[in-house]
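Keep in mind the model is a prediction, meaning the values are calculated, not measured. Side-chain atoms are counted along with the backbone in the values below, which use heavy atoms only and exclude waters and symmetry mates.
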Amino acid sequence: GDLLTELGIDDKTDITPRPLVYFLPTGNTEFDSGIDYVTPKKDPKGEIKGGGLAVGRFTIISGRSGVGKSSFCYNLCRQAAFRTLYIDTEGGIIDQQAPNVIVYNTEVLEQCWRVVMAAIDTGRFNCIVIDSLTNLKTREDMQKEDGEMPRMGQRAQVMNSFLTKLTAKLMSHDVAVVIVSQERESMDLFKKDPVLPGGASLLYGSSVILGLQSNKSEEIKSKDTGLKIGQKTRVKVRKNRYGPDNCEFACKIYFGDER
């Protein structure tokens, strides 16, 4: 009773619980249906299922080098109906003509997170993509001389500080954040799982982790010219706090305006 009074809620008020997760449909049916989230509703007969990018949380998309992570994420956002801020840390996005995608280039970790926080506060973006985390360097590393070794765990410490603030901010904003990261081989001979740079806080704080797998046999080519116009990417759901994980699905991504 005292708590309800403090919150300005009387006992007669119908309290409707907030959904466990909101999702941002990308328009790609295969991707959206491959990632299911369960959202409670008033009707006790069933549950609403949907898919897409988790809103108010951040998603990790990882994969080996050359698997097509940047192409997958950029074309997924470009073909969607929502507005995206795409932070390119590798300078790999050449086509910047998509009207719903704004590309920002930086390779400094602190500057990247300042832009992310400011973009969330504006309320003008539905999705923010960081591509990729692997290429980001701290300001201290950028100021070091050639050959000078970086301080061990420095980037992980900076990441932990920013991710704590990011998680708290996302809880009150309807924005989906996607962090792209490159998988690396583990130095532990008995550990088969790939290693993602950024520290343990990145894995712990993420709500969804997707692993991309692709090969040349799954390329989509034009029937007229025989040129590659897209690719069929296999996506493995390695972590999902709000739905089934340890599952796989296939997703077709087209380049440009090809279909």
Item to check | Shortest non-hydrogen separation from N105 to G91 and the atoms involved | outcome: ND2-CA, 4.1 Å

Next on the checklist: Just checking K228: does its NZ atom have more than 12 heavy atoms from other residues, nucleotides or ligands closer to it than 6.0 angstrom?
Outcome noted: yes

Item to check | Rounded distance (nearest 0.5 Å) linking atom CG of L85 with atom CD1 of I102 | outcome: 7.0 Å

Checklist outcome for this item: Only residue of V178, L53, T167 satisfying side-chain contact (heavy atoms from CB on, under 4.5 Å) with F58 is T167

Next on the checklist: For R124, is the CZ atom crowded, meaning more than 12 foreign heavy atoms sit under 6.0 Å from it?
Outcome noted: no

Checklist entry - Any sub-3.5 Å donor-acceptor pair from S71's side-chain atoms to G68's backbone N or O? => result no

Item to check | Flag side-chain contact, heavy atom, 4.5 Å: V67 against Q182 | outcome: no

Next on the checklist: I'd like to know if the side chain of N135 and the backbone of T89 have a donor-acceptor N/O pair within less than 3.5 Å.
Outcome noted: yes

Checklist entry - Sub-3.5 Å donor-acceptor pair from the side chain of D32 to the main-chain atoms of P25, do we have one? => result no

Checklist entry - Going through the checks in order, is the side chain to side chain contact (heavy atoms under 4.5 Å, CB included) test met by L212 and K236? => result CA-CA 6 Å; L212 303 188; K236 182 176 181 180; over 6 Å; no

Checklist entry - Can you name the nearest heavy-atom pair linking Y254 to R78, along with the distance? => result O-NH2, 3.7 Å

Checklist outcome for this item: Output for pair (E248 CD, Q213 CD), nearest 0.5 Å, gives 5.5 Å

Item to check | Candidate pair K137 and E90, rule salt bridge (charged side-chain N to carboxylate O under 4.0 Å, His left out), full reasoning | outcome: CA-CA 11 Å; K137 307 173 184 64; E90 301 174 343; over 6 Å; no

Next on the checklist: On a heavy-atom basis, which atom in R64 and which in K69 lie closest, and how many Å separate them?
Outcome noted: O-NZ, 3.0 Å

Checklist entry - Is the centre of the Y74 ring less than 6.0 Å from the centre of the Y86 ring? => result yes

Next on the checklist: Using side-chain heavy atoms (C-beta onward) and a distance below 4.5 Å, is C251 in contact with K232?
Outcome noted: no

Next on the checklist: Can you confirm whether V115 sits close enough to Y104 that some side-chain heavy atom of one is under 4.5 Å from a side-chain heavy atom of the other?
Outcome noted: yes

Item to check | For G211 against E183, the heavy-atom pair lying closest together | outcome: CA-OE2, 4.3 Å

Checklist outcome for this item: When M159, M117, M171 are each screened for side-chain contact (heavy atoms from CB on, under 4.5 Å) with L166, the one that passes is M117

Checklist entry - Looking at V129, I93, D131, which one forms a side-chain contact (heavy atoms from CB on, under 4.5 Å) with V103? => result I93

Next on the checklist: Using every non-hydrogen atom in the two residues, find where V108 and T106 come nearest and quote the distance to one decimal.
Outcome noted: N-OG1, 3.3 Å

Item to check | Residue pair N126 / T84, side-chain heavy-atom distance below 4.5 Å | outcome: no

Checklist entry - Cationic tip of R234 within the cone over F31's six-membered ring, i.e. under 6.0 Å and within 45° of the normal? => result no

Next on the checklist: On a heavy-atom basis, which atom in V237 and which in P244 lie closest, and how many Å separate them?
Outcome noted: CG1-O, 3.9 Å

Checklist entry - To the nearest 0.5 Å, what is the distance between CD1 (I209) and NZ (K239)? => result 5.0 Å

Checklist entry - Quick one: are L170 and I120 in side-chain contact, heavy atoms under 4.5 Å? => result yes

Checklist entry - Do L202 and I179 come close enough that some side-chain heavy atom pair is under 4.5 Å? => result yes

Checklist entry - Can you check whether F72 reaches V180 side chain to side chain, under 4.5 Å on heavy atoms? => result no

Checklist entry - What is the distance from atom OG1 of T138 to atom CD of E107, rounded to the nearest 0.5 Å? => result 11.5 Å

Checklist entry - Would you say the side-chain atoms of Q231 and T233 include a donor-acceptor pair closer than 3.5 Å? => result yes

Item to check | Any donor-acceptor pair under 3.5 Å from N240 side chain to L210 backbone | outcome: no

Checklist entry - What do the steps show when you test T59 against S206 for side chain to side chain contact (heavy atoms under 4.5 Å, CB included), and what is the final call? => result CA-CA 6 Å; T59 300; S206 61; over 6 Å; no

Item to check | Heavy atoms from other residues, nucleotides or ligands near NZ of K252 exceed 12 (cutoff 6.0 Å) | outcome: no

Next on the checklist: A side-chain contact here means heavy atoms from C-beta on lying under 4.5 Å apart; do E140 and V158 qualify?
Outcome noted: no

Item to check | Point-to-point distance, once rounded to the nearest 0.5 Å, from CG of D88 to OG of S132 | outcome: 8.5 Å

Item to check | CA sep, side-chain torsions, deciding dist, call: E110, F162, side chain to side chain contact (heavy atoms under 4.5 Å, CB included) | outcome: CA-CA 9 Å; E110 290 86 348; F162 280 114; 4.3 Å; yes

Checklist entry - Atom CG of L136 and atom SG of C112: how far apart are they, to the nearest 0.5 Å? => result 5.0 Å

